[in-house]
Amino acid sequence: MKRIFLCLLACVLTLASCSQEQEGKIVPPETVSVENVSSDISKSVLTGSQTTVTLTGLKEGELYGIYSSDNPSRSLDPDSDGSSGLIPAGNTGSYLYLADKDGDLTFKGSEAGIQDVGALRFVNYAVESDNAGFVINSKTDAPLFTAADGTAFYEEYYEIPLTEGIDPENVAVLSINKSQSVMNRATYYGVVTENAIKGSDEPENCGVMDLSGKESVRVINQMKLRLRTNKGGSAVRIALCNPTTLVENVPSELTSPGIYRVNASDSTAEYVLELTLDEGLGLYDFDTLINNSRPRYASGEKAGRVKNYIAPMSVSGDSILLYVGKLDQDFIFDFYRLYAFEDFENAINEEHVGKIELRQITDDERAKMVSIDIDEYKGPVDIKLTEDDPLRLVVFTADDSENLKGLKIRLDFVDGDFTDDGLMCKSYSSRDDSRGYRQNLLQEAHRDKTFVYDQNEHVDYLIFEDLACPSENVIRLTIEK
């Protein structure tokens, strides 16, 4: 009798426990229907990965956005299988849909990034045609909405004419960026033609596009932003322009902002770009020299993919030397000044800032940079900076680029005066399947540092510079494969 009682008690407790679990779990609806998606962001709609979502009354040719929000379990990586026509907007966590007819759109929550249970919001993007605009500035613009964790989402949708001095057969997108005190930031742009969207994560959209026969294109500009402090901010300006092609040994006018193109060469030599800046200008006046000029292949199978090098290797007065390497394929790169947030509120006009020349590297110049072949690496490498040479470029090579992935590079500051914080190191890395790069910065010279690259990320180059307070320094690199 006692045993029967204990068994009944155990069953009652188990049922009570299951009941409590069921009560605590959020059960999403099987279906969701949303009518009249407008230019005002909708309220959050509870959605599960298997919830069937239907948007009704969509209009042909109009662009719609689907945002996963307030959902800690959702994937930040786009996971749409494309069967519904949803297009992931890079790593912003949103999805786009260009309606090809009047009617409805049906998709599963999983196609919009919902892994388990989350929430979706919807918007119909309103087209703007302010020629002086094409900019998102978090300092002055209101976000589309702000998630529970403080991440703000911004969007603008532009109509950009191609009739005002732009050759439509040879168009590239210039994205001018400014950030300050940012914890997390993701940007995306997509070029919208009659019945298709080509996003900034698609290679051909990062290279050179042929927009022949079009008088205008529409561009969706998005930014996801989370700041470290309320004094921070971020801005991004979109422009269409024709790249300026550089010819070997022929100086060209250097203008900001702009995009420059270098065509492939049969030569096996290594190349540099020599910049001669106008009086009063230097390295730190140009955002693309301080950070990254986004070198990327112009066309072909690698269109839009990262080209490893356009990196400062020497600074002497008004002359700056950028290492390019071999000209295996056509590529383009961005060039623009360091702008203040206030500059984004006005039209940014082209201005002459100097000369630029493409040429082969000399033996003396080649000797000033450090090249590390990972296949032949045997032990630590010392990097030396002097008062006369306060900048040192370190590039990494391997017969198989897979050998550049998953490395650990330790920096030990073994000799020098490391108390003034004038010495800094920048690490640049990229992925084979990405148009972007990652920058790591070390500004505290008195602290040792290890840069760690994951298994899908290969190191491209390091830059050591002590331009503010040049002195004798020795930094030892130890590489773990």
Side-chain angles (χ1 to χ4, degrees), residues 26 28 32 34 37 39-51 53 55 63-98 105 107-125 136 138 141-157 175 177 179 182-192 197-202 205-206 219-228 232-236 238 431 433-436 438 456:
I26 299 175
V32 166
V34 179
V37 178
S39 57
D40 294 323
I41 189 74
S42 73
K43 294 182 179 179
S44 296
V45 177
L46 180 65
T47 312
S49 61
Q50 296 307 305
T51 299
V53 182
L55 306 182
L63 184 65
Y64 297 85
I66 296 95
Y67 292 82
S68 297
S69 63
D70 304 325
N71 177 25
S73 70
R74 79 176 179 87
S75 171
L76 292 178
D77 297 321
D79 191 32
S80 175
D81 61 13
S83 61
S84 64
L86 295 185
I87 296 176
N91 58 353
T92 63
S94 63
Y95 292 78
L96 303 174
Y97 177 71
L98 182 64
L105 168 68
F107 58 92
K108 292 287 187 180
S110 59
E111 294 181 82
I114 301 294
Q115 285 188 324
D116 183 13
V117 179
L120 294 179
R121 305 179 97 173
F122 312 97
V123 69
N124 179 2
Y125 297 118
I136 292 173
S138 71
D141 296 342
L144 182 66
F145 69 94
T146 302
D149 65 355
T151 300
F153 291 78
Y154 298 83
E155 58 77 25
E156 288 191 0
Y157 189 31
S175 178
N177 294 273
S179 292
V182 170
M183 181 181 298
N184 180 277
R185 176 180 181 268
T187 61
Y188 172 91
Y189 65 79
V191 176
V192 181
I197 307 171
K198 292 184 178 180
S200 56
D201 52 351
E202 295 187 43
N205 226 30
C206 295
V219 177
I220 179 71
N221 185 16
Q222 294 181 310
M223 179 170 67
K224 180 180 73 174
L225 180 66
R226 188 177 180 188
L227 298 173
R228 296 184 187 278
S234 186
V236 56
I238 296 294
R431 299 173 184 266
D433 60 351
S434 172
R435 69 181 178 87
R438 183 164 75 100
N456 295 316

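Keep in mind the model is a prediction, meaning the values are calculated, not measured. FYI, side chains are in, hydrogens and waters are out, and symmetry mates aren't considered; it's all heavy atoms of this structure.
Residues Pro88 and Tyr95 have side chains in contact (heavy-atom distance under 4.5 Å, counting atoms from C-beta outward). Asp141 is listed as a side-chain neighbour of Glu156, based on a closest heavy-atom distance under 4.5 Å. Counting heavy atoms from C-beta outward, Tyr67 and Leu144 have side chains that approach closer than 4.5 Å. Looking at heavy atoms from C-beta onward, Ile114 lies in side-chain contact with Ser68 at the 4.5 angstrom threshold. Using a 4.5 Å cut-off on side-chain heavy atoms (C-beta onward), Asp116 and Ser49 make no contact. Between Val236 and Asn221 there is a side-chain heavy-atom pair separated by less than 4.5 Å. Residues Arg185 and Met223 are in side-chain contact: their nearest non-hydrogen atoms beyond the backbone lie under 4.5 Å apart. Contact of the Val117 side chain with the Leu46 side chain is registered, since non-hydrogen atoms from C-beta on lie closer than 4.5 Å.
For the side chain to side chain contact (heavy atoms under 4.5 Å, CB included) test, residues two or more places apart in sequence or in another chain that qualify with Leu98 are Leu63, Val192, Ile197. Scanning for salt bridge (charged side-chain N to carboxylate O under 4.0 Å, His left out) contacts around Arg228 gives an empty result, with sequence neighbours left out.
From Ile66, atom CD1 reaches atom CD of Glu111 across 10.5 Å, with rounding to the nearest 0.5 Å. With rounding to the nearest 0.5 Å, the separation of CD in Glu155 from CD1 in Ile136 is 7.0 Å. Considering OG1 of Thr151 and CE of Met183, their distance stands at 9.0 Å, rounded to 0.5 Å. Of the inter-residue distances, the one linking Thr47 atom OG1 with Leu120 atom CG reads 4.0 Å to the nearest 0.5 angstrom. Taking OG1 of Thr92 as the reference point, atom CG of Leu225 lies at 12.5 Å (rounded to 0.5 Å). Taking CZ of Phe107 as the start and CG of Leu86 as the end, the distance is 5.5 Å to the nearest 0.5 Å.
Listed for the Ser110 side chain is no donor-acceptor partner under 3.5 Å among the backbone atoms of Lys108. A distance-only check finds a donor-acceptor pair linking the side chain of Asn177 to the backbone of Ser175 [under 3.5 Å]. Proximity of a side-chain donor or acceptor of Arg226 to a complementary backbone N or O of Asn184 within less than 3.5 Å is not detected.
Closest non-hydrogen pair, Ala147 versus Phe153, comes out as CB-CE1, 4.2 Å. Contact record, Ser138 with Tyr154: CB-OH, 3.4 Å, taken as the closest heavy-atom pair. Annotation for Leu227 and Gly233: closest pair CD2-N, 3.5 Å, computed over non-hydrogen atoms.
The aromatic ring centres of Phe122 and Tyr64 sit 6.0 Å or more apart.
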Legend entry - Evaluation steps, side chain to side chain contact (heavy atoms under 4.5 Å, CB included), between Asn124 and Tyr157: CA-CA 10 Å; Asn124 179 2; Tyr157 189 31; over 6 Å; no
Legend entry - CA sep, side-chain torsions, deciding dist, call: Leu55, Tyr97, side chain to side chain contact (heavy atoms under 4.5 Å, CB included): CA-CA 11 Å; Leu55 306 182; Tyr97 177 71; over 6 Å; no
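Ser179 and Ser234 are linked by a side-chain donor-acceptor pair at a separation below 3.5 angstrom, with hydrogens and angles left out of the test. For the 3.5 Å distance criterion, the side chains of Tyr125 and Gln222 qualify, holding a donor opposite an acceptor.
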